[in-house]
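Residue numbers begin at 1 in each chain, while the letters A, B, ... track the order of the sequences. Computed from heavy atoms alone, side chains included, the values below leave out hydrogens, waters and symmetry copies.
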Number of protein chains: 2
Amino acid sequence: MEKTLNIAKALADGNRMRVIVALTENDELCVCQITEMLGLATATVSRHMSVLQNARLVESRKESRWVFYRLVGTFPDRLRQWLRESLAEAPEIAADRRSLTTILSCEPDDLCRRQKKRKESHACT
Amino acid sequence: MEKTLNIAKALADGNRMRVIVALTENDELCVCQITEMLGLATATVSRHMSVLQNARLVESRKESRWVFYRLVGTFPDRLRQWLRESLAEAPEIAADRRSLTTILSCEPDDLCRRQKKRKESHACT
DNA sequence: TTTATAGTTCGCTAATTGACTAAACACAGT
DNA sequence: ACTGTGTTTAGTCAATTAGCGAACTATAAA
């Protein structure tokens with residue numbers, strides 16, 4: 001029962017749910033892309049991804065400086081179906097989809113550079 | 001998205017998950033039966049059922065002094081399937097099933113009387 | 001009408017959780 | 001070796017939550 005409960009707990013956060021849904025539509029995403037989509041601090045995103053990984057919902061691989069996450073191959077099919085059906089009309093998910101289109105149109109390198117620049121400009125304000 | 005997230009949050013507690021699964025196997029259960037199964041205070045069970053009701057997972061009816069809860073007719077089928085599949089081998093659920101056999105073999109009246117007697121005997125200890 | 005009963009709500013406590021910043025880590029780039 | 005980059009971990013704070021007992025509510029029973 002612990003495994004199922006961990007999954008339920010992992011999904012009991014709006015941002016983590018958004019990540020899971022985004023990963024049902026995209027093979028994999030890197031932390032900086034998820035960070036950009038959610039609009040949170042990198043540290044927070046990392047924490048969230050850790051929760052999802054511990055719940056065995058996602059797995060990760062490292063390539064160069066970037067860490068990419070994807071859904072595990074054993075992701076429960078019924079759960080995926082429920083999420084997609086129940087969130088089919090959700091405006092927040094549609095917004096994520098649109099913003100991801102832009103995010104995915106550039107390489108992680110460029111994206112991370114943009115995030116850094118944005119962060120510094122905030123620091124100067 | 002709020003509706004789906006509320007459901008996820010409602011399920012992110014072991015006891016509430018156990019109640020939902022019990023209700024997939026039993027048409028309806030009254031508070032005192034759920035209380036007996038979970039081994040919690042009535043107040044706590046009532047609070048939990050309120051969460052499930054607010055998440056639109058269960059509905060209630062009152063008969064005499066008893067309140068009965070059942071799954072809503074719109075309970076997401078995929079979600080039910082996922083829960084039943086992933087919890088098919090869970091020892092805790094099996095234990096609940098067994099204890100419910102005993103609980104359901106007597107009327108709410110008798111059960112409530114037993115619970116009251118048990119509570120008083122604790123008070124005397 | 002009064003008393004009893006079952007469930008709900010309130011308030012408290014302790015634990016957990018989401019967001020952030022800063023520091024640490026892993027390792028690529030120079 | 002040193003510097004830069006992206007991510008992870010640790011610590012803090014505020015908000016939320018699960019469990020309980022007490023008080024309250026709804027209403028059945030006497």
Problem - side chain to side chain contact (heavy atoms under 4.5 Å, CB included) against A:Asn54, all qualifying residues, sequence neighbours excluded - result: A:Ser50
Exercise for the section: Would you indicate, yes or no, if D:dT7 has its OP1 or OP2 atom less than 4.0 angstrom from a side-chain nitrogen or oxygen of A:Tyr69? Expected result: no
Fill in the blank from the handout: Of the listed C:dG7, D:dG19, C:dA19, the closest approach to the B:Thr44 side chain comes from D:dG19
Problem - Interface with DNA chain C, restricted to residues 12-20 of chain B and to heavy atoms under 4.0 Å - result: none
Exercise for the section: Could you tell me which non-hydrogen atom of A:Thr101 sits nearest to which non-hydrogen atom of A:Arg97, and how far apart they are? Expected result: OG1-O, 3.0 Å
Completion exercise
By nearest-heavy-atom nucleotide on DNA chain C, the more 5' of B:Val45 and A:Val51 is B:Val45
Practice task
Is it possible for you to say whether B:Met1 and A:Leu57 belong to one hydrophobic cluster, with membership spreading through side-chain heavy-atom contacts below 4.5 Å?
Solution key: yes
Completion exercise
Which of A:Leu11, A:Leu5, A:Asp13 passes side-chain contact (heavy atoms from CB on, under 4.5 Å) with A:Lys9? Answer is A:Leu5
Exercise for the section: Round to the nearest Å and state the distance from B:Gln53 atom CD to C:dT9 atom C1'. Expected result: 14 Å
Practice task
Report, as a single string ordered 5' to 3', how protein heavy atoms within less than 4.0 Å touch nucleotides 22-30 of chain C: B base, S sugar-phosphate only, - not at all.
Solution key: B-----S--
Completion exercise
The side chain to side chain contact (heavy atoms under 4.5 Å, CB included) partners of B:Val67 (sequence neighbours excluded) come to B:Val31, B:Ser60, B:Lys62, B:Tyr69
Exercise for the section: Only counting residues at least two apart or in another chain, list the ones meeting side chain to side chain contact (heavy atoms under 4.5 Å, CB included) with B:Ser46. Expected result: none
Handout entry: Whole angstrom value for the distance that separates P of C:dT17 from NE2 of A:His48
Key = 12 Å
Handout entry: Whole-Å distance separating the CG atom of A:Leu38 from the P atom of C:dC20
Key = 10 Å
Problem - Closest nucleotide among D:dT7, D:dA18, C:dA19 to the A:Leu40 side chain - result: C:dA19
Practice task
For B:Met49 and C:dG7, give me the distance from atom CE to atom C1', rounded to whole Å.
Solution key: 12 Å
Exercise for the section: Could you tell me whether the phosphate oxygens of D:dT7, OP1 or OP2, come under 4.0 Å of any side-chain nitrogen or oxygen in A:Ser46? Expected result: no
Fill in the blank from the handout: Closest of C:dA19, D:dG19, C:dT8 to the A:Arg47 side chain is C:dA19
Exercise for the section: Would you mind reading off the distance between A:Arg61 atom CZ and D:dT7 atom C1', rounded to a whole angstrom? Expected result: 15 Å
Practice task
Flag yes if more than 12 heavy atoms outside B:Arg56 fall under 6.0 Å of its CZ atom; otherwise flag no.
Solution key: no
Completion exercise
Closest heavy-atom pair, B:Ile7 versus B:Pro76, reported as atoms and distance to 0.1 Å, is CD1-CG, 4.5 Å
Handout entry: Min side-chain heavy-atom separation A:Arg80-A:Leu71 under 4.5 Å
Key = yes
Exercise for the section: Specify the separation, in whole Å, of atom CG of B:Leu52 and atom C1' of D:dT17. Expected result: 14 Å
Handout entry: Rounded distance (Å) that lies between atom C1' of D:dG6 and atom CD of A:Glu36
Key = 14 Å
Fill in the blank from the handout: Assert: residue with more 5' nearest nucleotide on DNA chain C, out of A:Lys9 and A:Ala41, is A:Lys9
Problem - Those residues that, when tested against A:Arg70, pass side chain to side chain contact (heavy atoms under 4.5 Å, CB included) (two or more places apart) - result: A:Asp27, A:Glu28, A:Glu59
Problem - Integer-rounded Å distance: D:dG4 C1' and A:Trp66 CH2 - result: 12 Å
